[in-house]
Engineer: 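Take this structure, written in structure tokens, and hold onto it; I'll ask about it next.
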Amino acid sequence: MAKVLCVLYDDPTSGYPTSYPRNDIPTISKYPDGQTLPTPNNIDFTPGHLLGSVTGGLGLRKFLEDLGHEFVVTSDKDGPDSEFERHLHDAEIVISQPFWPAYLTAERIAKAPKLKMALTAGIGSDHVDLQAAMERNITVTEITYCNSNSVAEHVVMQMLSLVRNYIPSYQQVVAGGWNIADCVSRSYDIEGMHVGTVAAGRIGLRVLKLLKPFDVHLHYFDRHRLSESVEKEFNLTWHPTVEDMIKVCDVVTINCPLHPETEHLFNDAMIAKMKKGAYIVNTARGKICDRDAIARALESGQLSGYAGDVWFPQPAPQDHPWRTMPWHGMTPHISGTSLSAQTRYAAGVREVLECWFEGRPIRNEYLIIKDGNLAGVGAHSYSKGNATGGSEEAEKFKK
Ligand code: NDP
């Protein structure tokens with residue numbers, strides 16, 4: 001029987017919810033490209049309930065324990081004395097969410113001789129040293145599409161909030177103020193602006209589609225070009241390089257995976273090539289941006305605003321400069337873990353585990369690494385290598 005080690009974020013500070021603001025969530029039958037939603041044989045949770053925290057346990061406890069497996073759930077993930085490291089030595093499967101990632105570095109993989117699968121409850125497996133996983137023949141899977149549209153909604157929300165100066169205006173009201181000029185001296189309309197996405201995959205394309213009714217000029221950079229019909233439908237301008245795109249954009253959104261090719265892509269040199277006063281919204285991964293370069297650009301005015309929900313490492317240490325830099329609209333990593341998204345990825349995790357234990361093939365779209373190589377979606381979107389360097393800093397949050 002297997003030990004399944006699952007790292008989830010803590011329950012709410014007020015305790016695990018006993019009620020929710022809404023009684024149901026909409027039923028979605030297909031993703032925009034026709035991919036079906038997860039199809040597990042069964043689920044043991046109520047859609048719309050909190051599943052991503054420790055007590056929620058992704059709704060897996062009954063399923064795993066009925067099969068005789070050991071199911072360990074913890075939020076204590078960082079540092080050599082963490083509960084996560086204490087359980088690694090005999091874990092066969094590690095489940096982790098990018099929001100509260102259990103960094104599986106090469107050192108940790110070496111401490112887990114029985115580990116056979118790293119399963120991401122969400123999208124983005126950069127918290128796993130993919131190179132080390134390939135060398136150890138560990139299968140890596142994620143739940144492709146489960147929260148892509150959720151993230152795209154967050155991107156549009158944050159773009160508008162930066163451009164329109166929403167957060168400082170909201171803070172005025174809460175603080176009892178009414179100085180209109182304070183609020184509007186940084187407030188613009190997005191209409192007519194040039195907005196570009198780095199990558200037009202599931203999230204990037206959705207962002208472009210959502211933005212079309214705002215009458216903005218839409219741009220994208222991606223390694224693979226979209227079809228002519230999609231480019232035409234949304235009036236998209238494709239750029240052959242990131243540099244070519246950012247120099248004409250007022251707003252840039254980053255929607256590519258983190259892998260060695262994209263790590264620190266937005267550094268001082270890249271930001272200097274952007275239009276002065278541009279905005280960046282990055283919900284992809286914190287490490288795609290150089291932490292200090294972003295803070296410097298906001299201080300100097302090269303950037304007018306920066307928002308997103310992804311940091312490096314996670315949780316962000318108290319002294320992370322993005323907590324205090326000017327004109328930011330950062331949230332914790334939440335865009336892909338709305339209650340709606342959790343329902344989908346919990347079902348996807350259940351589907352992958354059912355396949356794993358029953359010896360059935362896992363869907364190609366959920367595979368990142370298989371048989372020692374990039375596979376499925378992983379072969380399309382990732383490159384070989386490791387992007388976990390520096391993740392041990394996450395321990396600083398506890399101190
Ligand atoms: P997709 O796989 O659908 O899209 C990724 C896109 O990135 C693909 O079009 C891929 O291009 C492109 N890409 C890969 N490498 C590069 C590169 N070097 N330069 C430019 N483009 C590149 O994934 P999603 O859109 O669903 O998710 C994207 C990322 O967003 C995830 O990897 C994850 O890091 C992040 N994410 C964040 C969440 C959150 O809660 N904040 C939740 C979900 C995802 P091609 O395939 O054409 O080569």
Side-chain angles (χ1 to χ4, degrees), residues 9 31-33 35 52 96-101 120-128 130 140 142-158 196-210 219-227 230 236 238-246 252-266 270 281-289 307-312 314 330-338 340-342 344-345 348 364-368 374 376-385 387-388:
Y9 44 77
Y31 296 118
D33 71 350
Q35 183 188 314
S96 174
Q97 298 174 113
F99 324 104
W100 187 255
T120 302
I123 303 173
S125 298
D126 49 277
H127 58 282
V128 179
L130 297 180
V140 179
E142 59 185 50
I143 315 302
T144 297
Y145 235 140
C146 66
N147 55 14
S148 304
N149 291 354
S150 324
V151 177
E153 291 184 8
H154 202 86
V155 170
V156 174
M157 172 185 81
Q158 290 194 318
T197 174
V198 177
R202 292 169 183 81
I203 297 174
L205 181 56
R206 179 74 169 183
V207 169
L208 294 167
K209 287 182 177 175
L210 295 180
H219 302 254
Y220 78 100
F221 159 72
D222 201 303
R223 303 181 301 188
H224 301 96
R225 209 163 158 174
L226 296 167
S227 68
V230 171
L236 305 179
W238 174 76
H239 295 264
T241 62
V242 180
E243 287 86 344
D244 193 63
M245 183 184 84
I246 58 167
V252 172
T253 169
I254 303 173
N255 297 299
C256 55
L258 168 64
H259 52 89
E261 266 177 38
T262 59
E263 188 170 340
H264 293 152
L265 181 65
F266 280 78
M270 184 67 82
V281 175
N282 172 18
T283 49
R285 283 296 178 263
K287 223 185 189 190
I288 298 171
C289 293
D309 66 334
V310 286
W311 308 65
F312 187 79
Q314 290 185 184
M330 293 296 296
T331 60
H333 194 166
I334 58 165
S335 66
T337 184
S338 57
S340 326
Q342 289 176 40
R344 292 187 291 270
Y345 66 70
N364 221 25
E365 60 249 37
Y366 292 166
L367 288 176
I368 304 298
L374 291 171
V377 160
H380 191 80
S381 293
Y382 287 79
S383 61
K384 292 184 180 182
T388 62

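Worth knowing before you read on, the calculation uses all heavy atoms, side chains too, and leaves out hydrogens, waters and symmetry mates. Counting convention: from 1, in listed order, for ligands and their atoms alike. Numbering starts at 1 and runs along the sequence shown.
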Engineer: Is it the case that the side chain of D309 and the backbone of I334 share a donor-acceptor pair, with hydrogens and angles ignored and the cut-off at 3.5 Å?
Structural biologist: yes
Engineer: Near ligand 1, which residues have a heavy atom under 4.0 Å away from one of its atoms?
Structural biologist: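 Within 4.0 Å of ligand 1, protein side: F99, I123, N147, S148, V151, A199, A200, G201, R202, I203, F221, D222, R223, H224, N255, C256, P257, H259, E261, T262, T283, A284, R285, D309, V310, H333, S335, G336, H380, S381.
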Engineer: Taking H224's backbone N and O only, do any of them form a donor-acceptor pair with W238's side chain (distance below 3.5 Å, no angle check)?
Structural biologist: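 Judged by distance alone, no pair lies under 3.5 Å.
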Engineer: With no hydrogens and no angle check, is any side-chain donor or acceptor of T197 less than 3.5 Å from a backbone partner on Y220?
Structural biologist: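 Side chain of T197 to backbone of Y220, a donor-acceptor pair under 3.5 Å: no, none is there.
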Engineer: So that I can tick it off, tell me whether E365 and R202 are bridged by a salt bridge, with the cut-off set at under 4.0 angstrom between side-chain N and carboxylate O.
Structural biologist: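 No salt bridge links R202 with E365.
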Engineer: As an exercise, state the distance from CG of D126 to CZ of R285, rounded to the nearest 0.5 Å.
Structural biologist: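 Going from the CG atom of D126 to the CZ atom of R285 covers 4.5 Å.
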Engineer: Parallel, tilted or perpendicular: which describes the rings of Y145 and Y31, with under 30° parallel and over 60° perpendicular?
Structural biologist: parallel
